[in-house]
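Below is one structure; the comments refer to it alone.
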Amino acid sequence: MGRYLLRRLLQLVPVFIGTTLLIYVLVWVMVPGDPFAGKCGERPCPPGFVAMMTEKFHLDQPWYVQYAHYMQNLFQGDFGTTFSGRSINDIIATAYPNTLKLALVALAIEAIIGLTAGVLSGLRRNGFLDNLVLVSTLFLIALPIFVIGFLLQWLLGVQWHIVEPTVSNEMRLSELIMPGFVLGSISMAYIARVARTSISENRRSDYVRTAIAKGLPMRRVVGVHLLRNSLIPVVTLLGTDLGALMGGAIVTEGIFNIKGIGGTVYRSITTKESATVVSIVVILVLVYLLMNLLVDLLYAALDPRIRYE
C-alpha cells in the first residue's frame, strides 16, 4: 500500500502540471479583450500605467515564460496579485472556506438522503417507495438548480418563514442546509439511482444468498455484506463530486448571497482578472486529484478483493 500511495502521488505531479498548463493557456492567454479595459474608470489607462503593469505581469513575454513565472510563484505558495494590487491568496482565503463549507454540507446531504433512499428503494424494488424514489429523483434531475433554489427560497424562506431566505456572513450550519440541499440535489438524485441499481443487483449475488442460508440476521446481511459491496460506485460519485460542487456553486451562491469562490470566479471573469480565475481553478484541480486518490484507497477498504501493491 505504501509503494502504491507513493507511486500515485508521483503520478499526480505530471497530471497537475499538464492541467495547470492547459488552464493557463485557455484562461490567461486566450481571454479576449484588453485586460486593462475599465481599470482606470471611463477613461483609458495612461500609457505609463499600462507599461508598468505589462512589465510586472510579464505580459510582454511569451506565454510559456509567463507560465514559468506563475508556476515558480505557485510552488512557493504565492498565487500572485490582481491588477488592482490585491493578493490572490487573501481573496482565496476569504472566499474558499465559505464554498468549502457549502460543498461539505451539500456532500453530506446528498450522501445521507441519496444513499438512504437508494438502499431502501433497492431492497423494495417495484414497490411504492421504489416508484416514489424514481419519480422524485427524475423530478430533481429534470429541474435546473436555479429553479429549485428560487422555489425553495420563495416557499421556505419568504412564504412560510421556516428558514432564512439568504445566508448571513456568519454562515451558520442551519443557514446552509437549504442551499446545501439545492447544490447537491442533482447529485443526490444520481446517487439514489446508482445505489438502488447496485443494491438490487448485488442482492441476487451468491454471497448474499449464502449469508442468508447461514442464518445471518437480515440487518447484518444488508449492513455488512450487501451494503459494503454496493458502495463502490456510490463512493466514486461522492469522491469526485466534491470538486464539482465547489466549481458549480456559482448559481447557488448567487441565489443565497454566499460570498464564495463561485461569485469570485464570476466577478474575475467579468473584470478580466485572469490570474484569479487560474488560481481558483488550480485549487479545484488539486481537490479533484486528491479526492480521486482517496476514492482509490477506499476501494480496498470496501472490497477485500482489491489489493494495491
Donor-acceptor pair, [X] side chain versus [Y] backbone, under 3.5 Å?
{"X": "S185", "Y": "V182", "value": "yes"}
{"X": "E253", "Y": "G263", "value": "yes"}
{"X": "S198", "Y": "V194", "value": "no"}
{"X": "E110", "Y": "S187", "value": "no"}
{"X": "E273", "Y": "T82", "value": "no"}
{"X": "S87", "Y": "N89", "value": "yes"}
{"X": "T252", "Y": "A249", "value": "no"}
{"X": "N131", "Y": "G127", "value": "yes"}
{"X": "E164", "Y": "G157", "value": "no"}
{"X": "N73", "Y": "H69", "value": "yes"}

Quick one, [X] and [Y] - any side-chain contact, counting heavy atoms below 4.5 Å?
{"X": "L10", "Y": "R7", "value": "no"}
{"X": "L115", "Y": "L231", "value": "yes"}
{"X": "D130", "Y": "R125", "value": "yes"}
{"X": "I255", "Y": "V251", "value": "yes"}
{"X": "T240", "Y": "M291", "value": "no"}
{"X": "T166", "Y": "Q153", "value": "yes"}

In one Ile/Leu/Val/Met/Phe/Trp/Tyr side-chain cluster, 4.5 Å: [X], [Y]:
{"X": "L132", "Y": "I141", "value": "no"}
{"X": "F150", "Y": "I177", "value": "yes"}
{"X": "L138", "Y": "V147", "value": "no"}
{"X": "I280", "Y": "Y67", "value": "yes"}
{"X": "I91", "Y": "L74", "value": "no"}

Answer yes or no: does atom [atom1] of [X] have more than 12 heavy-atom neighbours from other residues, nucleotides or ligands under 6.0 Å?
{"X": "R209", "atom1": "CZ", "result": "yes"}
{"X": "F16", "atom1": "CZ", "result": "yes"}
{"X": "Y64", "atom1": "OH", "result": "no"}
{"X": "E55", "atom1": "CD", "result": "no"}

Those residues that, when tested against T236, pass side chain to side chain donor-acceptor pair (under 3.5 Å) (two or more places apart)
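T236: side chain to side chain donor-acceptor pair (under 3.5 Å) contacts with Y299.
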Sequence neighbours excluded, which residues qualify as side chain to side chain donor-acceptor pair (under 3.5 Å) partners of Y288?
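Applying side chain to side chain donor-acceptor pair (under 3.5 Å) to Y288 gives none.
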Between [X] and [Y], which heavy-atom pair has the shortest distance, and what is it?
{"X": "R196", "Y": "S121", "result": "CD-OG, 3.2 Å"}
{"X": "L107", "Y": "L238", "result": "CD1-O, 3.6 Å"}
{"X": "I112", "Y": "T116", "result": "O-OG1, 2.6 Å"}
{"X": "S230", "Y": "N202", "result": "OG-ND2, 2.8 Å"}
{"X": "G180", "Y": "A106", "result": "O-CB, 3.3 Å"}
{"X": "L176", "Y": "K101", "result": "CD1-CB, 4.1 Å"}

Gap between atom [atom2] of [Y] and atom [atom1] of [X] - 0.5 Å precision:
{"X": "M188", "Y": "D241", "atom1": "CE", "atom2": "CG", "value": "11.5 Å"}
{"X": "S200", "Y": "N126", "atom1": "OG", "atom2": "CG", "value": "9.5 Å"}
{"X": "M178", "Y": "I148", "atom1": "CE", "atom2": "CD1", "value": "12.5 Å"}
{"X": "L242", "Y": "L237", "atom1": "CG", "atom2": "CG", "value": "13.5 Å"}
{"X": "L226", "Y": "Y207", "atom1": "CG", "atom2": "OH", "value": "5.5 Å"}
{"X": "L290", "Y": "L9", "atom1": "CG", "atom2": "CG", "value": "8.5 Å"}

Holding to salt bridge (charged side-chain N to carboxylate O under 4.0 Å, His left out), I want the full list of residues that pass it with R172, two or more places apart in sequence or in another chain.
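If we apply the salt bridge (charged side-chain N to carboxylate O under 4.0 Å, His left out) test to R172, skipping adjacent residues, the hits are E175.
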Check step by step if side chain to side chain contact (heavy atoms under 4.5 Å, CB included) holds for L123 and I199.
CA-CA 7 Å; L123 293 175; I199 288 287; 4.0 Å; yes
Can you see whether S279 engages Y70 through a side-chain donor-acceptor pair at a distance of less than 3.5 angstrom?
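Yes.
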If you apply the rule side chain to side chain contact (heavy atoms under 4.5 Å, CB included), what do you find for F181 with L156, and how did you get there?
CA-CA 13 Å; F181 178 86; L156 301 181; over 6 Å; no
Which of these passes side-chain contact (heavy atoms from CB on, under 4.5 Å) with S268: I261, V278, V277?
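Of the listed options, the one satisfying the test is V277.
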Tell me, with the steps shown, if I92 and I283 meet side chain to side chain contact (heavy atoms under 4.5 Å, CB included).
CA-CA 9 Å; I92 294 176; I283 292 180; 3.5 Å; yes
Verdict with supporting geometry, K259 and V167, side chain to side chain contact (heavy atoms under 4.5 Å, CB included):
CA-CA 9 Å; K259 298 176 177 60; V167 177; over 6 Å; no
